[in-house]
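Proteins get letters first, then strands, A, B, ... in listed order; numbering begins at 1 in each. Computed from a predicted structure; not experimentally measured.
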2 protein chains.
Amino acid sequence: MVLLDAVGKRWTLRILWELRGEPLTFRALRAAADDVSPSVLNGRLSELRELGIVELGDDGYTMTEAGRELGDVLMALNGWADAHL
Amino acid sequence: MVLLDAVGKRWTLRILWELRGEPLTFRALRAAADDVSPSVLNGRLSELRELGIVELGDDGYTMTEAGRELGDVLMALNGWADAHL
DNA sequence: CACTTGCGCTACGTTATCCGTAGCGATAGC
DNA sequence: GCTATCGCTACGGATAACGTAGCGCAAGTG
């Protein structure tokens, strides 16, 4: 239930989705995610960093190893969407 | 992106999670999901019905066939949470 | 040295969304 | 008629998200 509460907030899934590939800077991530406001983006990134899903490296924000596995689940989610929506 | 926007709202994942088993009435679903307010619950259920994920039968709300496959993905999501959080 | 550029991030006032509570109309059983 | 439960709605207050502007910092350029 903890994860569903954390992930079940506006923009969180979208942010994770945009980080599925290469690292993105704060501003690039913002641009990729429909120009979400920086305050919200920063709030979400803080949560995701505390959960050990995302981290800030030299090239920008990237997924941790655990986060990358979560990314695979998101791919499955997207696969479902392609098949049914 | 459509699904992520739809699912990436507060309570949506939680509602789907509670519907993974047997059908639940509106009120039972409300009780199961931390007493979410009926206005929000109704809003989410309307969205999920429009997406063909959830439907209202004689025994209450239940997942459609497509929705049940989505439930499997959510199980994977929960499995990840158990492993990493 | 000043100057620019891009970075992560914050401040703040406005607006949209959620929330809690109460209650509606409909249906079924007594 | 009375009670109980159903799905669902109304409404005012609380909360979160929003858009915009800008801070402090580091690296590069002249």
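The shortest side-chain heavy-atom distance between B:E55 and B:T62 falls under the 4.5 Å cut-off. You'll find the side chain of A:F26 reaches within 4.5 Å of the side chain of A:L45, heavy atoms only.
Considering only side-chain atoms of A:S37, the nucleotide from D:dA10, D:dC6, D:dC18 that sits closest is D:dC18. The A:N42 side chain lies nearest to C:dT10 when the options are C:dT10, D:dA17, C:dC19. Relative to the side chain of B:L56, the nucleotides D:dG7, D:dC18, D:dA10 differ in distance, and D:dG7 lies closest.
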Check: How does protein reach along nucleotides 22-30 of chain C, written 5' to 3' as B (base within reach of a heavy atom under 4.0 Å), S (only sugar-phosphate), or - (no contact)?
Finding: B--------

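Rounded to an integer number of Å, the gap from A:E47 CD to D:dA16 C1' is 12 Å. For the pair A:R10 CZ and D:dG19 C1', the interatomic distance rounds to 14 Å; values are reported in whole Å. As a whole-Å value, the separation of B:L41 CG from C:dT21 P is 16 Å. What separates CZ of B:F26 from C1' of D:dT5 is a distance of 13 Å, to the nearest Å. Distance, B:L29 CG to D:dC6 P: 12 Å, rounded to whole Å.
Listed for the B:T64 side chain is a donor-acceptor partner under 3.5 Å among the backbone atoms of B:G52. In terms of modelled atom types and a separation under 3.5 Å, the side chain of A:W11 and the main chain of A:S37 share no donor-acceptor contact.
Note on A:W11: every side-chain N or O is 4.0 Å or more away from OP1 and OP2 of D:dA16. Residue A:R30 has no polar side-chain atom (N or O) positioned under 4.0 Å from OP1 or OP2 of C:dG8.
A search for side-chain hydrogen bond (donor to acceptor under 3.5 Å, both in side chains) contacts involving A:E69 returns B:H84, not counting sequence neighbours.
Contacts of A:R49 with the nucleic acid, taken as non-hydrogen atoms under 4.0 Å apart, involve only primed sugar atoms and P, OP1 or OP2.
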